[in-house]
Undergrad: 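I have a structure here, written as structure tokens, and I will follow up with some questions on it.
Chain naming here is simple, since letters A, B, ... match the order of the sequence lines and numbering starts at 1 in each.
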Amino acid sequence: MAGAPPAAPRGFLGAGRPPAATDAPLLAPPLYKGRPQRGPDRGRCVSRTDLRSGTMADQSFVTLATNDSYVKGALVLGSSLQQYRTTRKLTALITPQVSDLMRRVLEKVFDEVILVNVLDSGDSAHLALMKRPELGVTLTKLHCWELTQFSKCVFMDADTMVLSNIDELFEREELSAAPDPGWPDCFNSGVFVYRPSIETYSQLLQFATEKGSFDGADQGLLNTFFSSWATTDMSKHLPFIYNLSSTSVYSYLPAFKAFGANTKVVHFLGSTKPWNYTYDSRTKSIKGNMDDPKIVHPEFLNMWWDTYIADVLPLLEQHGIVKEITPGVNMAEVTEAVSHVSVSPLLPTESSEERKERWEQGQADYMGVDSFDNIKKKLDTYLQ
Amino acid sequence: MPLARSLSMTSLNGLLQCEDEDLPVEDLLLFEISWEVTNKVGGIYTVIQTKAKTTADEWGENYFLIGPYFEQNVKTQVEFTEPPNPAVKKAMDTMKSQGCQVFFGRWLIEGSPYVLLFDIGSAAWNLDKWKGEFWEVSNIGIPFHDREANDAVIFGSLTAWFLKELSCQFDDKPNIIAHFHEWQAGVGLILSRSQKLPVATIFTTHATLLGRYLCAANIDFYNNLDQFDIDKEAGERQIYHRYCMERASVHCAHVFTTVSQITATEAEHMLKKSPDVVTPNGLNIKKFSAMHEFQNLHSMYKARIQEFIRGHFYGHLDFDLDKTLFFFIAGRYEFSNKGADMFLEALSRLNFLLRVHKADVTVIVFFIMPAKTNNFNVETLKGQAVRKQLWDTAQSVKEKFGRKLYNALLKGEIPDLNKILDRDDISIMKRAIFSTQRHSLPPVTTHNMIDDSNDPILNTIRRIGLFNNRTDRVKVILHPEFLSSTSPLLPLDYEEFVRGCHLGVFPSYYEPWGYTPAECTVMGIPSVTTNLSGFGCFMQEHVADPEAYGIYIVDRRFRSPDESCNQLTQFLYGFCQQNRRQRIIQRNRTERLSDLLDWKYLGRYYMHARHLALSRTFPDKFEMEPSAPPKTEGFRFPRPSSVPPSPSVSQHSSPHHSEAEDEDEDERYDEDEEAERDRQNIKSPFSLGALPQGKKKQHGEYRN
């Protein structure tokens, strides 16, 4: 071409790759180009203080999220509490596995989001964990007794949601809970009323260190600690409708038909959580295996997903966590795209079967035990 | 011109003979396993289907393809037969007796290879068990919701089961080679290895899963290749299990191959393993019996395109169609992956150059990229109608004129040329010309686009202002639909269209292989490709001066986008400066490269991979020099002995070279001599490194 370098008639690159510096083409331009930055938050989430004037400031609902998936559950729980106009505060405990983005979303719904790091605390909890490493999550949960800024709290698992206002629970005393469907002489620790107290907290920790938990989790520990629950004060027995296990629908169907309409809190027990299902927003139905009783009676699951889509998804979108939704996609999959599900190595070691299940729910711990390096080690056991 | 016309054949012939590459196929069984055997999903189908003939010729009755059974595919593509090999039959029967449906037949494509098809549905009841087994050996779990991955587990388990039933019947021979394509087949490989089956395994990726995802997300991929945390990227994209299946297959295979150098680089970073062999993709080349038949086809189809142009540009035909070049880009509508962004910018610059240098060439560029449309637009159809009308007018006037002339000649007179057209004729013609007046510019697109205002090509055209103005030397036509020979606008199919064009332009950013430029090449049409496409890398490696052979390779890897765009502009500009004769010579050279893309030759890389796999699996029986990694160097098309027809920038300071210079070049070009030279070069075997050496000695050993 004749010497003259082509004076570019127009700018290029408007739509192309970012221009590398001309003299150093390998100088890396930013890794991600143009990930959409969302504008300031708008939408359905109204500031909570406006919503409820008569907040009982020293009482709170408390939940716990140990990873980004559970945050989704917590968000649905929080939204459902708001929807039924609770007058109490909302508090979420989170562990370091929760990503910053998800934490920011939580802050939109909860009044307080508190990071609990058992490993960093350097206190007796840490000590207890060293002695009883299998109690990792349990010990995290016990932190709820430390919330002494409140006089009374109701703890609710992140896999529960409310179907009506349940503020009346605050009239109950510690430790009030509903019976466990599997062993009604024990209470289910998915919903319970308690009084935060450092003293109780230390007693629990000490108890945990010395006696452990008969089921390896918080429910066993709490049932042993509050062992008089089954026999003494009937007022501490919450009606089952305050913690209705979603599995009870099919285990005692006639009862469910008779009383199910009064349900106030539903608890999604079992290994497959609502966010693990695939929801088709066109047909407003859950897709899945027809042998799964939750699918056969999907009423509660649908309620969960309705709340998720109406109240939670818009928040996630605002924070750029979920891109625009196409009908029929697996929402869980989309949301998952940015969550890092990783389990701290000090948490209880899972069995192979549990790990496989996690994979099958699309939640491989790819930054931890399931990293390819570990897979490679496994493969190398039979390659020569 | 100090070009190396003295380059002699002998200097190129330091190549190894490849006859000892032959394996004792009678003592071997070869299985190729892919989800796309008889089942067209994507590009792998093309690879396997075109390659089948070459491999079947080599392996005869000992070659089997393994794929999934789908009734609708099998109905039209497979003819059931009994397996001729008793061991295969026995293995199939064992599987059938345990409730799995297995089919055997011939695939009705060239070479008619045997196919073994597994009915995935009939074996689905084993899914949980097989997923458990796969978990036990690999620690990779498969999510419920990923149907494709679950199918892959069933398919892989069936494959491994079959290989086990088969191999347990043999003592010493025949030995089995199993060649797995893509991650969907990989489970079979991993399971075979974990069961320590006596099978030599090969795994081929045609692109990496993660690379494809990252590029689709518009990430600056190649500049950051070594910076990705790949576990994390795969996990965040919800493809972690698939990525693990792919990477585990690569890790377990005796021999790992990819289809191109660029994919090899990609694999090095996305799978953390460099391939042992690069196995490029080929085509089934049909040779015309007549020499240069492709040149005749070019002019024939070019005339058809010109007809379309006459209609499309009616009222604006102030350019010489004989000096008009047709460029095109074609493929899936991936604006930046296919490089349409860069192409448009280069066209804008080319337009500027041609105008500044007052060039008399006009370039018309076709974008054949399907998008959503509401059929043809009125203006385009009208153009063709106007052309038709003018044609009819000319015909009727010609008819009258001819009769008068005939009558005059019968009378022995020369007709009075002033009277031969009467006023009627003149007014008919004036009316016809009047109707061709047009107040709008010739349309940029032939169709009504559904999402006109957001279409990336149209928006870029708006931005750079290539609106087919009279002064523009570059005109653009977006045809957002696949071509069809029944189209009322441009009644040509894709192959005919390509043959009628002068240059295909494919400045892709992500292109693991790139069949489009390869197809151009075998039709003798020059093309632009990039060093980020597998095809571009391949040509760079095998042709000393690709430009002379009509393969322009844009450097998009080591240059900034702006520099790459300039380079592309220079290629296009250089191409525009060639005269007709130079273009003909270039097309001849391009077409000669087609031998290079023939499976007959490229199949050798597959042979090499098989041999390597055998030597690694059964080192006592099949020896191979262990040290030398296979190299493809050594074989190269030389520079053509005459001066390259392309007046590329480095050689000419002036865009217009003198007649004398042309003469000079013409004299140096001797088609037959040059063709013969190239042909001999092609016939030279590919060097695959030092492998065949010393193997010849072992030859007898196979046949013990």
Undergrad: Tell me which of these, Pro456(B), Gly132(B), Ser138(B), has more heavy-atom pairs under 4.5 Å with chain A than the rest.
TA: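 Ranked by heavy-atom pairs under 4.5 Å with chain A, first place is Ser138(B).
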
Undergrad: Locate the shortest heavy-atom distance separating Ile375(A) from Ile140(B); write the atom from each residue and the value.
TA: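 Here Ile375(A) and Ile140(B) meet closest at CD1-CG1, 3.8 Å.
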
Undergrad: Given a strict heavy-atom distance threshold of 4.5 Å, which part of Ile230(B) is in contact with chain A: side chain, backbone, both, or neither?
TA: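 Looking at Ile230(B), nothing touches chain A.
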
Undergrad: Which bit of Glu136(B) is near chain A, if near means a heavy-atom gap under 4.5 Å: side chain, backbone, both or neither?
TA: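 Both backbone and side chain of Glu136(B) come within 4.5 Å of chain A.
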
Undergrad: Could you look at Ile142(B) and say if it's the side chain, the backbone, both or neither that has a heavy atom under 4.5 Å from chain A?
TA: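 When you check distances to chain A, only backbone atoms of Ile142(B) fall under 4.5 Å.
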
Undergrad: Inspect the surroundings of NZ in Lys378(A) and state if more than 12 heavy atoms from other residues, nucleotides or ligands are less than 6.0 Å away.
TA: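 Above 12, so yes.
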
Undergrad: Applying side chain to side chain contact (heavy atoms under 4.5 Å, CB included) to His251(B) and Leu383(A), what does each step give before you reach the verdict?
TA: CA-CA 9 Å; His251(B) 185 69; Leu383(A) 301 173; 3.6 Å; yes

Undergrad: Please state whether the side chain, the backbone, both or neither of Lys131(B) comes within less than 4.5 Å of a heavy atom of chain A.
TA: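 Interface part for Lys131(B): both.
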
Undergrad: Please check this pair: side chain of Lys196(B) against backbone of Tyr382(A), looking for a donor-acceptor N/O pair closer than 3.5 Å.
TA: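 Yes; judged by distance alone, with no hydrogens or angles, the pair exists.
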
Undergrad: Do you know which of Ser194(B), Gly339(B), Ala346(B) has the most heavy-atom pairs with chain A at a distance under 4.5 angstrom?
TA: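 Highest number of pairs under 4.5 Å: Ser194(B).
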
Undergrad: Applying side chain to side chain contact (heavy atoms under 4.5 Å, CB included) to Tyr243(B) and Tyr366(A), what does each step give before you reach the verdict?
TA: CA-CA 11 Å; Tyr243(B) 148 88; Tyr366(A) 52 88; over 6 Å; no

Undergrad: Does Phe372(A) offer a backbone N or O that forms a donor-acceptor pair with the side chain of Asp231(B) under 3.5 Å?
TA: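 Yes, because the side chain of Asp231(B) sits within donor-acceptor range (under 3.5 Å) of the backbone of Phe372(A).
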
Undergrad: Can you name the nearest heavy-atom pair linking Gln361(A) to Phe144(B), along with the distance?
TA: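 In terms of heavy atoms, the two residues are closest at CG-CE1, 4.4 Å.
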
Undergrad: Set out, in order, the CA-CA distance, both residues' side-chain angles and the distance that settles side chain to side chain contact (heavy atoms under 4.5 Å, CB included) for Met367(A) and Asp229(B), then state yes or no.
TA: CA-CA 10 Å; Met367(A) 300 302 282; Asp229(B) 180 345; 3.6 Å; yes

Undergrad: In terms of heavy-atom pairs under 4.5 Å with chain B, which of Lys376(A), Glu360(A), Arg355(A) leads?
TA: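 So the answer, after comparing Lys376(A), Glu360(A), Arg355(A), is Glu360(A).
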
Undergrad: Kindly compute the distance separating CD (Glu353(A)) from CH2 (Trp135(B)), expressed to the nearest 0.5 Å.
TA: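 Result: 9.0 Å between the selected atoms.
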
